[in-house]
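Below is one structure, written out as structure tokens, with a few remarks after it.
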Amino acid sequence: MRLSRIVILTIVFLLPALLFAQNKNYSKKEVDAMLDMLDSAVVHKKEYQKQRQQRIDSIEHVVNTCPPDLYVDNCKELYSALSDYDGRRSLKALERIEKTNAYQEDKVLQTWVLLNQSRVYAIMGLYHNANGITNRIDPKELTPEEQQHYYIICLRNIENISDYLSDISVVQDEERNRIAYYDKIIELGLDEVMAHLMLASKEIELHRPEGALLALARIKTPQEGRRLIYQLLALASIYEQKGNQQNQIYYLAQAAIENIQSGTTEYIALARLVHVLYGYEEGEYVNRAYVYLMCMMEDANAYPSRSLSLDVSRYFPIINRAYSSHHADEEKADQTKRQSLLVTFALLALTLAVSFYLGWHQNNARKEKKRADQLQKALDQATIADRVKTVFIQNMRHEIRTPLNAIMGFAQLMSNDLSQEERALYQNYIKESNDHLLATLDDIIDVSNMEVGTFNFHFENFDIDTLCYERMETAREQLVAGVAFNYQPLQKGLQLYSDQKRVGQVLHNLLSNACKNTTEGSITLSVAHQIANDSIEFVVADTGPGIPPEKTDVIFEHFEKLDHYAPGLGLGLYVCRLIARALGGDIYLDTSYKKGARFVFTVPNKDIE
């Protein structure tokens with residue numbers, strides 16, 4: 001009746017946990033995170049063991065200083081702290097109890113010491129010592145609690161022997177004894193923590209994880225740390241049966257963390273995790289399996305545990321080979337990667353070198369081309385200057401010799417006996433030649449002064465209408481008979497603040513050219529005030545032959561003439577542009593006008609800066 005109630009309560013409380021555990025599937029990322037936590041626990045293993053050692057030292061200090069009536073109890077507590085940490089010191093703790101008077105007088109205490117000595121010897125692999133002690137005990141003389149403890153110790157001894165002989169053979173008698181002791185523990189049915197842990201361990205070993213969970217559910221001591229470890233092992237066993245390696249690794253890693261953090265050197269879960277990681281299908285956990293195996297090997301040397309030594313000796317050769325092979329593959333991959341990087345860097349360096357050379361070569365080519373262009377430009381300028389000089393000399397020879405010859409000829413004629421009318425006519429010819437010569441020299445001097453920047457201006461306010469009438473009267477002498485000469489200001493009475501002489505010089509040149517080239521039609525001078533930029537715009541339009549399209553870009557250059565046989569140096573329009581720009585304005589040919597030629601001259605109504 002009591003057993004049935006326990007089973008019912010166990011199923012009620014354990015079923016939700018089982019259902020949750022079996023429905024939860026951990027992802028690869030979660031498994032790796034749990035293994036990272038285990039790696040951290042392995043790294044800090046010495047710190048956990050140091051904390052365990054400090055606790056043991058504290059208890060040992062209490063044992064050395066406690067009163068006699070508490071000595072045995074404190075020694076038992078010391079043994080409990082050492083039992084899964086240090087075999088030799090565990091035996092010494094039991095030897096302390098043997099040396100007390102209480103041990104000599106208390107048969108129950110003697111049995112307890114003997115059973116625990118047998119257990120420690122079995123863990124250390126000293127099976128003859130363990131069996132020698134248990135054989136000295138008659139279980140019939142023990143109380144039920146002592147009987148259960150006796151059967152647990154015997155069962156642990158047999159399990160250790162079976163593990164030791166597993167690679168050779170399992171003795172049938174020992175196996176029968178194991179089953180008998182296992183049945184005896186079940187028959188006793190006591191709420192002993194160690195009994196249920198042993199049952200859970202047995203169920204897990206027999207691949208019956210549900211039975212292990214039921215056995216663990218009977219443990220009423222919540223602070224029993226190994227209870228959680230065996231629960232995790234049972235869950236790992238469930239997923240091992242289902243073929244879910246990821247969940248199996250997850251729970252084994254969690255159990256191993258709990259085991260290591262307790263500071264024990266008796267690893268229950270880590271050996272199984274090593275085996276599972278080694279057999280993982282993708283083979284990516286070989287490095288971790290090797291690290292965990294080294295962790296177990298350290299404590300196998302420090303604490304002579306037979307089962308731990310067996311686990312290490314069983315897995316080390318195969319994992320070491322796998323690790324070496326994996327490490328060699330990684331080295332080969334790293335070497336290939338390094339070679340690829342070297343080739344990449346070599347190609348990159350070669351590319352940079354070629355790019356640098358091509359850039360250097362291209363830069364030199366650009367410099368050479370620029371130098372050649374500069375030389376060609378200088379040559380062209382020298383050629384142009386030479387041509388200009390030649391044209392200038394030819395024009396000057398004609399423009400100076402012609403008026404000088406006229407002056408000399410008419411001067412000689414005036415030495416003869418002439419009438420008054422002839423004398424006046426010759427004087428007029430001499431004056432015209434002299435004026436032409438002076439005008440030519442003035443143009444040359446103006447060009448020279450403006451090109452070197454020594455040209456002086458005199459700014460003043462003047463009336464535009466008066467200036468235009470004066471320049472038209474001066475140019476009228478060159479006007480061909482029958483050609484109309486018009487002045488059409490858009491607004492009369494305009495005033496301009498500028499250099500009156502230079503503005504008049506530009507208008508004279510424009511009107512003079514119009515008179516020379518217009519044989520019929522009209523010549524019109526118009527004036528307008530541009531309010532937007534406060535400037536005066538002069539426009540001279542004629543009905544002559546106009547400017548050929550090929551000449552529109554060069555007529556403002558020096559020594560350029562439409563008719564090379566016409567009198568003049570070809571400096572008129574060039575001087576006009578120099579003056580216009582020096583005054584802050586401009587002059588240009590209006591190519592949209594098709595009835596002849598139309599020149600536009602603008603002058604700002606202000607002083608130049």
Side-chain angles (χ1 to χ4, degrees), residues 45-46 48-137 142-143 145-146 148-157 159-160 192-195 197-198 221 223-226 259-260 262-268 298-309:
K45 179 188 70 171
K46 295 296 182 183
Y48 300 134
Q49 292 180 353
K50 183 178 179 181
Q51 295 174 3
R52 180 71 172 266
Q53 183 61 49
Q54 289 174 349
R55 176 171 170 265
I56 292 171
D57 293 341
S58 175
I59 298 173
E60 192 163 12
H61 176 72
V62 172
V63 170
N64 294 332
T65 58
C66 69
D69 57 329
L70 299 177
Y71 184 79
V72 173
D73 292 335
N74 288 329
C75 286
K76 285 185 176 182
E77 185 178 356
L78 178 62
Y79 166 76
S80 178
L82 289 167
S83 61
D84 57 354
Y85 179 71
D86 191 329
R88 295 188 182 92
R89 294 179 66 183
S90 298
L91 292 175
K92 289 181 179 180
L94 295 174
E95 288 176 2
R96 285 188 172 191
I97 298 175
E98 286 181 320
K99 295 178 181 179
T100 63
N101 294 328
Y103 176 82
Q104 303 298 330
E105 299 172 357
D106 190 345
K107 190 174 182 180
V108 175
L109 181 59
Q110 294 175 6
T111 303
W112 184 88
V113 170
L114 291 174
L115 290 174
N116 283 288
Q117 284 178 338
S118 176
R119 172 178 176 272
V120 174
Y121 283 131
I123 293 175
M124 296 175 65
L126 303 175
Y127 304 117
H128 294 291
N129 300 56
N131 289 330
I133 293 174
T134 53
N135 290 337
R136 289 160 49 189
I137 300 173
L142 303 178
T143 64
E145 290 82 359
E146 290 174 343
Q148 187 184 50
H149 196 180
Y150 171 80
Y151 291 130
I152 289 171
I153 295 300
C154 293
L155 182 58
R156 287 292 296 271
N157 293 348
E159 287 178 349
N160 288 325
E192 170 63 38
V193 173
M194 184 60 69
L197 288 175
M198 289 297 301
T221 308
Q223 64 270 22
E224 174 55 48
R226 283 190 292 182
N259 211 166
I260 292 174
S262 67
T264 181
T265 57
E266 183 184 8
Y267 298 111
I268 303 172
E298 290 177 2
D299 292 315
N301 294 330
Y303 182 14
S305 167
R306 176 62 64 178
S307 60
L308 189 58
S309 300

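The basis for the numbers below is simple: all heavy atoms, side chains too, and nothing from hydrogens, waters or symmetry mates.
Distance check, rounded to the nearest 0.5 Å: CG of Asn101 to NZ of Lys99 gives 13.5 Å. Atom CG of Leu91 and atom CZ of Arg89 lie 12.5 Å apart (nearest 0.5 Å). The CG atom of Asn116 sits 10.0 Å away from the CD1 atom of Ile133 when rounded to the nearest 0.5 Å. Atoms CG and CG, from Leu94 and Leu114 in turn, are 9.5 Å apart once rounded to the nearest 0.5 Å.
The shortest heavy-atom contact between Thr100 and Arg96 is CG2-O, 3.4 Å. The shortest heavy-atom contact between Cys75 and Val63 is SG-CG1, 3.8 Å. In this structure, Arg52 and Ala81 approach most closely via the heavy-atom pair NH2-O, 2.9 Å.
Applying the side chain to side chain contact (heavy atoms under 4.5 Å, CB included) rule to Pro68 yields no partners; only residues at least two apart in sequence or on another chain are considered. Applying the salt bridge (Lys or Arg N to Asp or Glu O under 4.0 Å) rule to Lys45 yields the partners Glu298, Asp299; only residues at least two apart in sequence or on another chain are considered.
A donor-acceptor pair shorter than 3.5 Å can be found between the side chains of Gln117 and Glu98.
For the pair Ile59/Asn74, no side-chain contact is recorded, criterion being any heavy-atom separation below 4.5 Å from C-beta on. Taking 4.5 Å as the limit, every side-chain heavy atom of Arg88 sits out of range of all side-chain heavy atoms of Val120.
Salt bridge annotation for Lys92-Glu60: absent, with no cationic side-chain nitrogen under 4.0 angstrom from a carboxylate oxygen.
Judged purely by atom type and a 3.5 angstrom limit, Ser90 uses its side chain to pair as donor or acceptor with the backbone of Leu82. The backbone N or O of His61 sits less than 3.5 Å from a side-chain atom of Thr65, completing a donor-acceptor pair.
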Might you work through the side chain to side chain donor-acceptor pair (under 3.5 Å) test for Gln53 and Asp57, ending with a clear yes or no?
-> CA-CA 6 Å; Gln53 183 61 49; Asp57 293 341; 2.7 Å; yes

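Residue pairs meeting the ring pair (Phe, Tyr, Trp, His ring centres under 6.0 Å) criterion with at least one partner in residues 63-83, sequence neighbours excluded, are Tyr79-Trp112.
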